[in-house]
Number of protein chains: 2
Amino acid sequence: MKRITLRELAQALNMSISTVSRALSDHPDISESTKEKVREASALYNYKPNLRARYLRTKSSGLVALILPEYNMFFIPTLMQSISEVVNKHNYSLLVFQSDDSFEKELDIIDYCNQISVDGILLSLSNGFNKDEDLKELSSDNAPIVLLDKVLPNLKMSCVSVEGDEISQRAVSYLRKKGHKHIGGVFADPGISISQNRLKGFTEAIEDYGDLQGYVLSLENVNETDRELTRFLKEFPEITALYVMSDEIAMRVYHCLNKLNVKIPDEVSVISISDGSLPRLLHPNITHFYHSAAEIGKRAAETLFHVLKSKSAEIENISIECQLVELDSVKDLK
Amino acid sequence: MKRITLRELAQALNMSISTVSRALSDHPDISESTKEKVREASALYNYKPNLRARYLRTKSSGLVALILPEYNMFFIPTLMQSISEVVNKHNYSLLVFQSDDSFEKELDIIDYCNQISVDGILLSLSNGFNKDEDLKELSSDNAPIVLLDKVLPNLKMSCVSVEGDEISQRAVSYLRKKGHKHIGGVFADPGISISQNRLKGFTEAIEDYGDLQGYVLSLENVNETDRELTRFLKEFPEITALYVMSDEIAMRVYHCLNKLNVKIPDEVSVISISDGSLPRLLHPNITHFYHSAAEIGKRAAETLFHVLKSKSAEIENISIECQLVELDSVKDLK
DNA sequence: TTATCAACCGCAAACGATTCCGCAAACGAT
DNA sequence: ATCGTTTGCGGAATCGTTTGCGGTTGATAA
């Protein structure tokens with residue numbers, strides 16, 4: 001059926017455009033009888049307002065952008081799912097962009113977002129990001145930005161992420177309680193702040209306890225996990241437990257251990273950080289610290305809408321807590 | 001920096017709005033010297049056209065919507081990645097929506113998309129979908145729709161998907177060549193057309209050969225793979241090979257076999273259909289028919305832009321071919 | 001009767017761009 | 001000198017809404 005405009009609807013009703021407009025938005029100036037007529041005709045002709053035109057008047061585009069470094073399989077789908085729900089609930093639409101982990105591209109995208117006048121931006125920072133000034137400048141006088149997942153807390157923006165270095169400490173503490181003394185930590189690219197944090201927490205925890213021995217494997221490229229981990233385990237055969245900082249790596253660690261025919265958890269225990277799906281898909285199920293991607297997305301989106309609705313420029317810094325989920329990949333040595 | 005409008009820019013330049021507009025769009029009516037001045041000022045004041053306003057005149061919103069039943073981890077990220085690239089290359093932006101596999105919601109979303117006047121829609125059909133009429137009606141006089149992945153070819157729309165039942169035949173043929181006589185097929189919800197196709201191809205292939213024995217496991221809910229498959233294998237211990245129709249299921253099949261301590265491929269061989277990442281992440285690496293999610297996304301998006309640019313209403317029906325990738329999960333019994 | 005005041009509705013100006021016309025100056029040709 | 005044509009630019013309508021403001025009714029009070 002052809003879309004009808006407000007003007008045409010008004011003509012059909014023999015009323016003025018403004019009356020029809022007000023009737024549809026339930027304005028008190030309009031009598032109930034008129035409203036009823038308008039509503040009827042509107043339904044009859046299947047009138048739907050042109051939202052783009054409305055946005056031109058009201059200065060609100062109804063668009064929220066999500067900018068991601070990349071689309072990875074473990075985290076992003078759940079994240080998007082939850083963000084999408086919140087965004088649609090508020091009658092906004094979700095735009096997605098990928099920065100390919102390039103800072104330049106990130107700035108371009110943000111600029112473009114402002115050009116198409118999005119109302120708000122959800123941003124997961126690229127690895128290449130460093131110059132805070134640029135971003136701060138961009139945010140002024142433009143669409144508000146909320147950082148999520150990959151954040152830099154010293155920026156003057158709201159951000160939502162999982163808890164930082166404490167989680168590594170909790171992992172080390174847990175493994176120690178289970179009797180593990182020689183613990184390997186497997187981390188992603190040390191260029192990313194999240195790797196840095198978790199690595200830092202790990203080494204600090206090891207040192208604090210005094211009776212532990214820590215070993216660090218930093219993977220510049222996760223695709224080389226197989227080779228690097230094989231070398232690592234050969235070099236340090238005394239390792240009885242691995243602390244793995246992400247699903248992406250955990251998947252590859254399992255692959256490697258299976259290939260090497262190393263029994264989990266009998267020969268090597270594994271503990272990871274995950275949003276919960278992968279640990280139950282691999283055998284044996286991985287004991288992990290559960291952090292909900294859905295929760296991060298939801299909170300970030302809600303924070304953004306809080307800003308959009310209330311116009312409050314108050315900066316929130318939300319940290320999502322992790323929760324230990326004990327499954328089958330850690331052996332009790334005691 | 002504050003955003004400036006065309007009017008303000010024109011005032012600053014002491015020219016008319018129309019001149020400035022034309023100069024920026026390189027209209028032949030405008031002299032080179034004027035154009036130069038306008039470009040300079042435009043750069044100086046950082047003028048960016050308001051795309052919403054432009055839309056109202058030109059009727060092109062620069063928005064393309066992608067409607068998905070759900071965000072699954074194996075297929076969607078790659079799909080989105082490729083779609084996103086094509087869309088951005090054309091200077092459009094990508095909106096995403098999820099239909100939660102509900103037909104009602106799907107229609108609502110399509111309607112909403114037309115309301116916010118997207119220029120085109122990429123649609124992966126929900127399972128619940130059946131009434132072709134409704135969709136056909138919707139497509140008339142509105143944004144063009146291209147179906148992808150989950151398609152219904154009899155609809156009067158362009159669609160892009162992986163090849164249908166032939167792939168099951170190729171799989172059966174391959175397993176037979178390797179000496180397997182008792183072959184189990186593991187399929188998802190028979191309500192989905194893609195499951196139906198692959199199941200149909202499978203049973204037909206088995207029958208055609210005559211010397212094979214086929215066994216079918218249809219999973220209403222993939223989360224019950226563990227229980228169902230355990231029962232299945234106990235019931236038919238003669239099965240030497242499993243044909244698995246998706247990554248989602250393959251992952252769970254591996255989990256189950258590992259749990260049952262069944263050796264792959266020595267005791268049971270596995271062949272699957274996949275876009276290639278999972279098979280290399282599980283051990284032993286899964287022999288599979290490679291179908292590129294990226295390819296599907298790319299072709300679908302390109303098809304859509306073909307329609308958008310050329311206004312040709314010609315219907316294309318693109319089928320992506322699969323390619324056998326022999327890895328380590330199928331044993332040669334001969 | 002007339003002033004007052006709701007209640008109800010329409011006019012017209014935005015929003016920020018594009019684009020159809022028309023108009024003046026310049027120019028070459030007759 | 002006159003006429004047509006090109007060149008370069010401005011005026012104003014337009015896209016489909018929202019909304020401030022003013023105007024018309026009819027009822028009520030003075």
Side-chain angles (χ1 to χ4, degrees), chain A residues 2-39 41-42 45-63 91 112 114-119 142-143, chain B residues 2-39 41-42 45-63 91 112-119 141-143:
Chain A
K2 185 154 168 13
R3 181 139 287 153
I4 198 181
T5 72
L6 192 60
R7 176 200 308 279
E8 293 167 316
L9 181 61
Q11 270 163 1
L13 276 161
N14 213 10
M15 304 195 214
S16 78
I17 297 183
S18 40
T19 302
V20 178
S21 171
R22 271 186 272 250
L24 287 173
S25 54
D26 208 30
H27 191 99
D29 264 12
I30 308 297
S31 73
E32 194 50 49
S33 67
T34 313
K35 281 182 189 169
E36 192 48 47
K37 270 187 246 161
V38 170
R39 277 193 285 257
S42 163
Y45 293 112
N46 191 31
Y47 167 75
K48 297 284 172 62
N50 180 321
L51 296 183
R52 296 287 145 230
R54 170 182 294 172
Y55 295 146
L56 187 58
R57 252 319 293 240
T58 61
K59 297 280 181 190
S60 149
S61 67
L63 260 29
N91 279 318
Y112 184 75
N114 282 311
Q115 199 182 150
I116 63 174
S117 46
V118 303
D119 290 339
N142 276 319
Chain B
K2 187 158 168 5
R3 180 140 288 153
I4 199 181
T5 74
L6 192 60
R7 177 202 305 282
E8 293 167 316
L9 181 60
Q11 271 164 0
L13 277 161
N14 212 12
M15 306 194 213
S16 80
I17 296 184
S18 39
T19 303
V20 178
S21 171
R22 271 187 275 249
L24 287 174
S25 54
D26 207 31
H27 191 100
D29 267 9
I30 307 296
S31 73
E32 194 49 50
S33 68
T34 313
K35 280 181 187 169
E36 192 48 46
K37 270 187 246 162
V38 171
R39 277 193 286 259
S42 163
Y45 293 111
N46 191 32
Y47 168 74
K48 299 282 173 60
N50 181 320
L51 298 184
R52 299 291 140 237
R54 172 181 294 173
Y55 155 73
L56 195 56
R57 265 310 306 237
T58 62
K59 295 287 175 192
S60 156
S61 65
L63 259 30
N91 280 318
Y112 184 75
C113 283
N114 282 312
Q115 208 180 138
I116 63 173
S117 41
V118 302
D119 289 338
D141 215 40
N142 276 321

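Computed from a prediction, not measured in an experiment: that's the story for all the values here. Just so it is clear, the values below take in all heavy atoms, side chains as well, and ignore hydrogens, waters and symmetry mates. Chain naming here is simple, since letters A, B, ... match the order of the sequence lines and numbering starts at 1 in each.
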Next item on the list: For residues B/Y47 and B/I4, report the shortest heavy-atom separation together with the two atoms involved.
Entry: CD1-O, 3.3 Å

Item checked: Partners passing side-chain contact (heavy atoms from CB on, under 4.5 Å) against B/T34 (at least two apart in sequence or in another chain) -> B/M15, B/T19, B/I30, B/S31, B/V38

Margin query: The criterion is side-chain hydrogen bond (donor to acceptor under 3.5 Å, both in side chains); which residues satisfy it with A/S60, sequence neighbours excluded?
Written below: A/D119

Check: Looking at residues at least two apart in the chain, or sitting in another chain, which of them share a side-chain hydrogen bond (donor to acceptor under 3.5 Å, both in side chains) with A/N91?
Finding: none

Notebook entry, point to check: How many Å lie between CD on B/Q115 and C1' on D/dT17, as a whole number?
Noted result: 13 Å

Margin query: Under the rule for side-chain contact (heavy atoms from CB on, under 4.5 Å), what residues qualify as partners of B/N50, not counting sequence neighbours?
Written below: A/S117, B/R52, B/A53

Notebook entry, point to check: Within this structure, what is the NZ-to-P distance between B/K37 and D/dG8, rounded to whole angstrom?
Noted result: 12 Å

Item checked: Stem segments of DNA chain C by first residue number [Watson-Crick or G-U, under 3.5 Å, at least 3] -> C:1-30 with D:1-30

Next item on the list: Would you mind listing every salt bridge (Lys or Arg N to Asp or Glu O under 4.0 Å) that reaches into residues 12-24 of chain A, with sequence neighbours excluded?
Entry: none

Note to self: Just to verify, what does B/Q115 make a side-chain hydrogen bond (donor to acceptor under 3.5 Å, both in side chains) with, not counting sequence neighbours?
What the structure shows: none

Item checked: Residues forming a side-chain contact (heavy atoms from CB on, under 4.5 Å) with B/Q11, sequence neighbours excluded -> B/R7

Could you list, one pair per line, each protein nitrogen or oxygen that sits under 3.5 Å from a nitrogen or oxygen of nucleotides 24-26 of chain D, together with the distance?
none

Next item on the list: Could I get the full list of side-chain hydrogen bond (donor to acceptor under 3.5 Å, both in side chains) partners for A/N14, not counting sequence neighbours?
Entry: none

Next item on the list: Output all residues satisfying salt bridge (charged side-chain N to carboxylate O under 4.0 Å, His left out) with B/E36, sequence neighbours left out; order by chain, then residue number.
Entry: B/R39

Checklist line | Sugar-phosphate or base contact per nucleotide [nucleotides 7-16 of chain C; S, B, -; heavy atom under 4.0 Å] | finding: -BBBB-BBBB

Notebook entry, point to check: Atom CD of B/Q11 and atom P of D/dG10: how far apart are they, to the nearest Å?
Noted result: 13 Å

